[in-house]
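Here's the structure, in structure tokens; my notes come after.
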Amino acid sequence: MDKKLLIWYQEHKREMPWRETHDPYCIWLSEIMLQQTQVVTVIDYYNRFIKRFHDVKSLAEAEEQEVLKYWEGLGYYSRARNLHKCAQAIVSIHGGQFPRDYKQLLKLPGIGPYTAGAILSIAFNEKVPAVDGNVMRVYSRYFELSCDISDSKSRTIFESKVIETMPEDARHFNQAIMELGATICTPKMPKCDVCPIASNCLARSTNSQLTYPIKTQKIKKRHEKVSVFLFVNQGRVMIEKRNDALLLKGLWGFPTHHVAMSQKEDDLTSEVLSNEAMMNWIHANYDFRGHIVTRVPAKKHVFTHLVWHMTLIVVQIESPRAIDYPEIKWVEPSSLEAFPLPTAFKKNLSTEMLEALFRL
DNA sequence: AATGCGGGGGT
DNA sequence: ACCCCAGCATT
């Protein structure tokens, strides 16, 4: 398996900025960004990030808000918060050097079994497995392994199998398996006709590629109806830093009010908040008065485990005058870009909309 | 062991 | 419009 695979990888690997170095900082950063995120998306973020935070020390010294700003739009923001904490731990505990040790790496925030293996193998060429979803898909097909990959216990089974089959060139082998999973041995329509290891693939021989990997877990998303308030005062709109009790904690956004929740989308259509109920909510949470200018049905936004059905509520605030607090800012629409604003809010803000707000 | 956590791509 | 993807932390 390994010989053909390594030759294929050498010839067909995609170019990525982090593949031009073995610097543990670059490998670590890229691996964190690549969790649940595709290569094409990561490249721009990675380049901008490296340009601003060129080593672990400069990242450790940064403000969390700025790190989040550089992560804006990438999602799973706890990755960014843990990345920042991890950089600080590496500076304070390990003298700014990444530990070349599996157990030590695992203790660091945001680094789990996969990422520890990826850093050790790719940066240090240690013969350690790095099992991600691609590896599990490739191995379960190649060996027709029937263990359930949605069960976290299965990871160790794949790790043993990887150790059995791993050549000395761990650095390239681990990346080759993942590259194969990402480009050839894909979930839906695997390109077996151009796969370098198809001749020995068990699933290929029995035409069972699509029954592997075995995965039982089903995801049931709940639906939430959410009012998103655009408080407008003298050409400025209010944003607040989302607190730890909220989704998207630490990022900025418009005030949100939970109207209704259901397992079924249809149950939400009848749930409408009256103007009076809204004004009561506003007054209970903020000490100013105003009137509702308009309601705009907004795009729905799908998160990992829930769906937001948003309505934008534009409210003209008459009193008090716009005052900033540490966690509440009144900003001109053009200044919104200075804050880390998650996609759920961003995608509902057209230029026309902002222009209209500005005129209020 | 189960749940929380974004956003993008393919069909 | 709908389906799929999937590491780590917390509980």
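Order of the sequence lines fixes the chain letters, A, B, ..., with proteins taken first and strands second; residue numbering starts at 1 for each chain.
- With sequence neighbours left out, the ring-ring contact (aromatic ring centres under 6.0 Å, His included) criterion links A:Phe254 to A:Phe345.
- A distance of about 23 Å separates the P atoms of C:dC2 and B:dG6, rounded to the whole Å.
- If you take atom P in B:dC5 and the same atom in C:dC3, they sit 23 Å apart, rounded to whole Å.
- Of the charged side-chain nitrogens involved, none lies within less than 4.0 Å of a carboxylate oxygen, so that A:Arg19 and A:Glu15 do not count as a salt-bridged pair.
- Distance A:Trp28 CH2 to C:dC8 P: 14 Å, rounded to the nearest Å.
- Only A:Gln35, A:Gln36, listed by number, bring a heavy atom of residues 32-41 of chain A to less than 4.0 angstrom from any atom of DNA chain C.
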**Q.** Watson-Crick and G-U pairing of DNA chain B, under 3.5 Å, as dot-bracket with | and [ ]
**A.** |||||.|||||
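- The distance from atom NZ of A:Lys249 to atom P of C:dT10 is 10 Å, rounded to the nearest whole Å.
- Atom C1' of nucleotide C:dC5 and atom CD1 of A:Ile214 are separated by 17 Å, given to the nearest angstrom.
- If you measure from atom NZ of A:Lys107 to atom C1' of C:dA9, you get 18 Å, rounded to the nearest angstrom.
- When side chains are defined from C-beta on, A:Asn134 does not count as touching A:Leu180, because their heavy atoms never get closer than 4.5 Å.
- Of the residues in residues 131-138 of chain A, none has a non-hydrogen atom less than 4.0 angstrom from any atom of DNA chain B.
- Note on A:Lys69 versus A:Glu72: salt bridge recorded, some NZ/NE/NH1/NH2 to OD/OE distance being below 4.0 Å.
- Partners of A:Arg242 under the side chain to side chain donor-acceptor pair (under 3.5 Å) rule, at least two apart in sequence or in another chain, are A:Thr256.
- Contact record, A:Gly110 with A:Ile32: O-CD1, 3.6 Å, taken as the closest heavy-atom pair.
- Nucleic acid contact class of A:Lys346 (heavy atoms, under 4.0 Å, all strands): none.
- The side chain to side chain donor-acceptor pair (under 3.5 Å) test applied to A:Lys347 returns A:His301, not counting sequence neighbours.
- Across residues 71-83 of chain A, A:Tyr76, A:Asn82 each have a non-hydrogen atom less than 4.0 Å from an atom of DNA chain C (numbered order).
- Each of A:Ala344 and A:Met189 was assigned the nucleotide of DNA chain B with the nearest heavy atom; the assignment lying further toward the 5' end belongs to A:Ala344.
- Partners of A:Trp252 according to the ring-ring contact (aromatic ring centres under 6.0 Å, His included) rule, which considers only residues two or more places apart in sequence or in another chain, are A:Phe339.
- Heavy atoms of A:Leu106 sit nowhere under 4.0 angstrom from any nucleic acid atom.
- Residues in residues 121-131 of chain A take part in these salt bridge (charged side-chain N to carboxylate O under 4.0 Å, His left out) pairs, two or more places apart or across chains: A:Arg100-A:Glu126, A:Lys127-A:Glu168.
- Counting 5' to 3', DNA chain B first comes under 4.0 angstrom of a heavy atom of chain A and last does so at the ends given by B:dA1 to B:dT11.
- Atom NZ of A:Lys188 is separated from atom P of C:dA6 by 12 Å (rounded to the nearest Å).
- Among the heavy atoms of the strands, none lies under 4.0 Å from A:Leu306.
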Show the atom names and distances, to 0.1 Å, of all donor-acceptor pairs under 3.5 Å that link a side chain in residues 183-190 of chain A to residues at least two apart or in another chain.
unit_1: A:Thr183; atom_1: OG1; unit_2: A:Glu179; atom_2: O; d: 2.8
unit_1: A:Thr186; atom_1: OG1; unit_2: A:Met189; atom_2: O; d: 3.3

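- Atom name P, nucleotides B:dT11 and C:dA6: the rounded distance is 15 Å, in whole Å.
- No more than 12 heavy atoms of other residues, nucleotides or ligands sit less than 6.0 Å from atom CD of A:Gln97.
- If you take NE2 of A:His223 and P of C:dA1, they are 13 Å apart, rounded to a whole angstrom.
- Using a 4.0 Å heavy-atom criterion, one finds that A:Ile149 contacts no nucleic acid atom at all.
- Annotation: side chain to side chain donor-acceptor pair (under 3.5 Å) contacts of A:Tyr76 (sequence neighbours excluded): A:Thr304.
- Considering A:Phe53, A:Tyr77, A:Tyr45 as possible partners of A:Tyr70, the one that fulfils the ring-ring contact (aromatic ring centres under 6.0 Å, His included) test is A:Phe53.
- Among the atoms of the strands shown, none is found under 4.0 Å from any heavy atom of A:Lys85.
- Taking the centre of each ring, A:Phe288 and A:Phe231 come in below the 6.0 Å mark.
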(Q) Applying side chain to side chain donor-acceptor pair (under 3.5 Å) to A:Asn233 and A:Arg236, what does each step give before you reach the verdict? (A) CA-CA 5 Å; A:Asn233 176 270; A:Arg236 296 182 185 184; over 6 Å; no
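- Under 4.0 Å is where a charged nitrogen must lie from a carboxylate oxygen, and between A:Asp55 and A:Lys57 no such pair does.
- Annotation: A:Phe143 is in aromatic contact with A:Tyr139 [ring centroid separation under 6.0 Å].
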